[in-house]
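Notes follow once the structure below has been shown.
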Amino acid sequence: MDRQRANRKLIRGLLIMTACSFAFGWALVPLYDVFCRAVGIGNAEAKAGPAVAHEAIDPNREITIEFIASPKSVGSYEFRPKVASMRIHPGKLYETEFYAKNLTSVASVAQAVPSISPSGTAQYFHKTECFCFTPQKFGVGEGRDMPVRFIVDPQLPANVDRLTLAYAFYDTTQN
């Protein structure tokens with residue numbers, strides 16, 4: 001009798017522990033989202049930073065944006081900006097394009113990695129659309145224009161009048 005009672009108690013305890021584990025696992029998704037919002041990691045909304053309002057366009061200030069591609073035409077791809085630079089007004093949405101062409105005899109995948117200089121200014125450069133967000137698939141000999149849409153935050157320090165957007169373009173086919 002004591003053995004049956006002990007077994008029932010053990011089974012009840014195990015069922016309660018199983019139910020609590022399931023409930024905890026189910027609650028982790030919303031808890032993780034709350035945690036990410038609180039500390040600013042792990043979700044796209046927190047990483048995107050504050051949105052720049054179009055009403056904040058500064059018509060009295062012009063900034064030069066330079067575009068650099070690395071490598072320009074080495075190895076697996078030809079890669080270059082369509083324009084070397086442009087003059088922009090902070091707060092206004094702009095678009096430019098880069099050109100990439102697969103120089104190999106096989107289909108391939110490439111990934112672009114951006115960088116903004118001078119250092120510390122990346123927080124003021126907001127890309128709304130970019131080929132760097134996802135790997136790019138290219139057929140044999142395929143070339144195409146790839147758009148970048150961006151806004152420079154009007155809060156960019158006044159002593160900065162030139163930004164450089166540089167991309168390193170890597171063949172990631174085997175990765």
Side-chain angles (χ1 to χ4, degrees), residues 28-103 108-138 143-175:
L28 276 178
V29 173
L31 288 174
Y32 178 74
D33 190 46
V34 169
F35 173 76
C36 289
R37 288 178 196 272
V39 296
I41 61 168
N43 68 30
E45 293 168 8
K47 289 179 183 175
V52 178
H54 288 286
E55 298 84 41
I57 295 172
D58 185 350
N60 300 319
R61 184 175 179 197
E62 280 194 336
I63 296 170
T64 300
I65 308 292
E66 295 177 323
F67 304 103
I68 298 175
S70 172
K72 291 183 172 132
S73 182
V74 175
S76 305
Y77 293 93
E78 174 185 350
F79 180 60
R80 59 181 160 75
K82 296 285 281 211
V83 296
S85 67
M86 58 192 322
R87 301 280 294 162
I88 62 111
H89 294 284
K92 186 175 178 185
L93 181 65
Y94 290 90
E95 181 173 321
T96 189
E97 291 181 329
F98 281 70
Y99 176 78
K101 181 177 181 180
N102 179 2
L103 300 176
S108 62
V109 178
Q111 180 72 49
V113 179
S115 66
I116 309 288
S117 58
S119 63
T121 57
Q123 65 184 336
Y124 302 103
F125 194 94
H126 306 287
K127 293 185 291 294
T128 61
E129 178 184 334
C130 183
F131 58 91
C132 64
F133 294 158
T134 57
Q136 301 294 312
K137 296 178 182 176
F138 289 87
R144 67 171 169 267
D145 294 332
M146 300 182 298
V148 179
R149 297 183 77 191
F150 64 92
I151 300 170
V152 174
D153 192 324
Q155 299 301 314
L156 180 72
N159 65 330
V160 178
D161 64 350
R162 180 177 299 270
L163 295 174
T164 301
L165 173 61
Y167 285 100
F169 203 64
Y170 299 99
D171 185 343
T172 60
T173 303
Q174 296 178 5
N175 294 339

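Small disclaimer: the values here were computed from a predicted structure and weren't measured.
Interatomic distance, Ile151 CD1 to Thr128 OG1, rounded to the nearest 0.5 Å: 6.0 Å. Taking CG of Leu163 as the reference point, atom CZ of Phe125 lies at 7.0 Å (rounded to 0.5 Å). We find the SG-CG distance between Cys130 and Leu165 to be 7.0 Å, quoted to the nearest 0.5 Å. Atom CZ of Phe150 and atom CE of Met86 lie 5.0 Å apart (nearest 0.5 Å). Atoms CD1 and CD1, from Ile88 and Ile65 in turn, are 4.5 Å apart once rounded to the nearest 0.5 Å.
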Acceptor/donor pairs from residues 108-115 side chains to any protein atom, 3.5 angstrom cut, sequence neighbours excluded:
{"unit_1": "Ser108", "atom_1": "OG", "unit_2": "Tyr77", "atom_2": "OH", "d": "2.6"}
{"unit_1": "Ser108", "atom_1": "OG", "unit_2": "Asn102", "atom_2": "ND2", "d": "3.2"}
{"unit_1": "Gln111", "atom_1": "NE2", "unit_2": "Cys132", "atom_2": "O", "d": "2.8"}

Discussion item. Is there a side-chain contact (heavy atoms from CB on, under 4.5 Å) between Phe79 and Met146? Walk through the geometry before answering.
Written reply: CA-CA 10 Å; Phe79 180 60; Met146 300 182 298; 4.0 Å; yes
Item to complete: Give the C-alpha distance, both sets of side-chain angles, the deciding distance and a yes or no for side-chain contact (heavy atoms from CB on, under 4.5 Å) between Val152 and Ile63.
Response: CA-CA 9 Å; Val152 174; Ile63 296 170; 4.2 Å; yes
Worksheet entry | Phe138/Lys101 under side-chain contact (heavy atoms from CB on, under 4.5 Å): CA gap, chis, key distance, verdict | CA-CA 8 Å; Phe138 289 87; Lys101 181 177 181 180; over 6 Å; no
Practice prompt. Just do the side-chain contact (heavy atoms from CB on, under 4.5 Å) check on Phe131 and Val148 with the steps written out, would you?
Written response: CA-CA 7 Å; Phe131 58 91; Val148 179; 3.3 Å; yes
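A distance-only check finds a donor-acceptor pair linking the side chain of Tyr94 to the backbone of His89 [under 3.5 Å]. Under a 3.5 Å cut-off, the side chain of Gln136 and the backbone N or O of Thr134 do form a donor-acceptor pair.
Listed here is the closest heavy atom pair of Arg80 and Ala69: CA-CB, 3.7 Å. Contact between Arg61 and Leu156 at its shortest, heavy atoms only, is NH1-O, 2.8 Å. Across every non-hydrogen atom of Ile57 and Gly91, the tightest pair is CG1-O, 3.4 Å. Shown here for Tyr99 and Lys82, the closest heavy-atom pair between the two residues is CB-CD, 4.1 Å.
A heavy-atom distance below 4.5 Å is found between the side chains of Thr96 and Phe67.
The residues Lys127 and Glu129 are annotated as not salt-bridged, no charged nitrogen and carboxylate oxygen being separated by less than 4.0 angstrom.
For the residue pair Arg87 and Thr64, a side-chain donor N or O sits within less than 3.5 Å of a side-chain acceptor on the partner.
In this pair, Phe98 and Tyr167 present their aromatic rings perpendicular. The plane angle is above 60°, beyond the 30 to 60° band.
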